[in-house]
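The next block holds one structure in the form of structure tokens; read it before the comments.
Computed over heavy atoms, backbone and side chain alike; hydrogens, waters and symmetry mates excluded.
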Amino acid sequence: MPHDHDHPHSVLPPEPALRIKALETILTQKGLIDPAALDEIIDTYQNRIGPQNGAKVVAKMWVDADFRADMLNDPMPRLREMGLYGRQGEHMVIVENTSEVHNVVVCTLCSCYPWPLLGLPPGWYKSDAYRARVVREPRAVLAEFGLSLAEDQKLRVWDSTAEIRYLVAPERPKGSENMSEDELIALVTRDSMIGTAILPEVSA
């Protein structure tokens with residue numbers, strides 16, 4: 001069958017970023033989206049929310065023992081106080097990495113993810129390969145992220161759902177003992193709060 005060059009998808013460029021821009025242009029021309037509103041939503045989740053909110057929670061857990069205890073027991077009251085709740089984050093559970101236990105998060109059914117704390121999920125988190133493999137062979141998957149755990153370190157995989165979403169509190173890096181809370185926030189990465197990375201030691 002000959003290819004229909006008049007079919008809408010045939011005129012879209014192959015590169016993902018260009019395809020998105022082309023689709024946005026088409027939808028704008030049809031009056032189906034407001035570019036300004038779309039830019040605001042993307043900016044909110046990529047920059048103003050993003051992983052920065054989660055990093056603030058983790059850093060505060062490192063410096064405030066009472067806050068840490070509350071977050072590990074039931075984080076929702078504190079998160080509501082901080083304004084860090086809402087759609088995709090109605091019921092959070094925070095799990096803590098230690099020298100004995102490492103945690104990693106997945107959503108095997110779709111891509112449930114704590115948007116209020118981490119922003120938009122990365123593409124790999126939504127991929128079929130990650131969702132299927134990390135529950136079967138988590139150490140192998142983490143190794144592909146460059147993370148090799150000690151053989152005697154326990155590994156726990158947490159499966160997010162529409163009702164419960166998980167955030168990993170990574171271990172505080174060695175060498176950060178004299179850093180301020182704001183400085184600690186800058187150390188925390190998105191992947192460390194999913195569990196596919198650990199935070200490196202801070203150089204003197």
Verdict with supporting geometry, Val58 and Met193, side-chain contact (heavy atoms from CB on, under 4.5 Å): CA-CA 9 Å; Val58 169; Met193 292 183 283; 3.9 Å; yes
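- Scanning both residues, His102 and Gly195, for their nearest heavy atoms gives NE2-O, 2.7 Å.
- Between the CG atom in Leu199 and the NZ atom in Lys174 there is a gap of 13.5 Å [rounded to 0.5 Å].
- One finds the NZ atom of Lys56 at 6.5 Å from the CD1 atom of Ile185 (value rounded to the nearest 0.5 Å).
- The cluster map of Ile, Leu, Val, Met, Phe, Trp and Tyr, joined by side-chain heavy atoms under 4.5 Å apart, puts Val141 and Leu109 in different clusters.
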When you look at Leu147 and Leu149, which way does the side-chain contact (heavy atoms from CB on, under 4.5 Å) test go after all the steps? CA-CA 6 Å; Leu147 175 56; Leu149 301 177; 4.0 Å; yes
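- Residues Val63 and Leu117 fall within the same hydrophobic cluster, defined by Ile, Leu, Val, Met, Phe, Trp and Tyr side chains chained together at heavy-atom separations under 4.5 Å.
- Among residue pairs with one or both ends in residues 110-129, those qualifying as salt bridge (charged side-chain N to carboxylate O under 4.0 Å, His left out) are Asp128-Arg131; sequence neighbours excluded.
- Partners of Asp66 according to the side-chain hydrogen bond (donor to acceptor under 3.5 Å, both in side chains) rule, which considers only residues two or more places apart in sequence or in another chain, do not exist here.
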With a 3.5 Å cut-off and sequence neighbours excluded, list the donor-acceptor pairs that the side chains of residues 73-82 form with protein atoms.
| from | atom 1 | to | atom 2 | distance (Å) |
| --- | --- | --- | --- | --- |
| Asp74 | OD1 | Met76 | N | 3.3 |
| Arg78 | NE | Asp70 | OD2 | 2.9 |
| Arg78 | NH2 | Asp70 | OD2 | 2.9 |

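- Taking 4.5 Å as the limit, every side-chain heavy atom of Tyr125 sits out of range of all side-chain heavy atoms of Leu120.
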Apply side-chain contact (heavy atoms from CB on, under 4.5 Å) to Ile198 and Glu171, showing your working. CA-CA 8 Å; Ile198 59 175; Glu171 286 190 86; over 6 Å; no
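- No side-chain donor-acceptor contact under 3.5 Å links Asn97 to the backbone of Ala169.
- Checked against side chain to side chain contact (heavy atoms under 4.5 Å, CB included), Ser176 has the following partners two or more places apart in sequence or in another chain: Arg172, Pro173, Met179, Leu184, Leu187, Val202.
- Between the Asn103 side chain and the Val95 main chain, no donor and acceptor come within less than 3.5 Å of each other.
- Every residue was checked against the ring pair (Phe, Tyr, Trp, His ring centres under 6.0 Å) condition with Phe67, not counting sequence neighbours, and none meets it.
- Sorted by first and then second residue, the salt bridge (charged side-chain N to carboxylate O under 4.0 Å, His left out) pairs involving residues 104-118 (not counting sequence neighbours) form an empty list.
- Cys107 approaches Cys112 most closely through the heavy-atom pair SG-N, 3.1 Å.
- For the pair Val168 and Ile194, the minimum side-chain heavy-atom distance is 4.5 Å or more.
- Rounded to the nearest 0.5 Å, atoms CG (Leu84) and CG (Asn53) are 4.5 Å apart.
- Residue pairs satisfying the side chain to side chain donor-acceptor pair (under 3.5 Å) criterion with at least one member in residues 141-156, sequence neighbours excluded, are listed as follows: Arg133-Glu144.
- The hydrophobic cluster containing Val105 does not contain Val101, counting ILVMFWY residues as joined when their side-chain heavy atoms lie under 4.5 angstrom apart, directly or transitively.
- Every residue two or more places apart in sequence or in another chain was checked for a side-chain hydrogen bond (donor to acceptor under 3.5 Å, both in side chains) with Glu181, and none qualifies.
- The stretch residues 187-198 participates, sequence neighbours left out, in these side chain to side chain donor-acceptor pair (under 3.5 Å) pairs: Thr189-Ser192.
- Remark: Trp158 pairs with Tyr166 by the ring pair (Phe, Tyr, Trp, His ring centres under 6.0 Å) rule, at least two apart or across chains.
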Phe145 vs Val104, test: side-chain contact (heavy atoms from CB on, under 4.5 Å). Steps then yes/no. CA-CA 12 Å; Phe145 278 91; Val104 64; over 6 Å; no
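- To the nearest 0.5 Å, atom CG of residue Leu155 and atom CG of residue Leu142 are 6.0 Å apart.
- Scanning for side-chain hydrogen bond (donor to acceptor under 3.5 Å, both in side chains) contacts around Glu96 gives Arg68, with sequence neighbours left out.
- Ile94 places a side-chain heavy atom less than 4.5 Å from the side chain of Leu72.
- Tyr130 and Trp124 make their closest contact through CB-O, 3.2 Å (heavy atoms, listed as atom of the first residue, atom of the second, distance).
- Partners of Glu177 by side-chain hydrogen bond (donor to acceptor under 3.5 Å, both in side chains), not counting sequence neighbours: none found.
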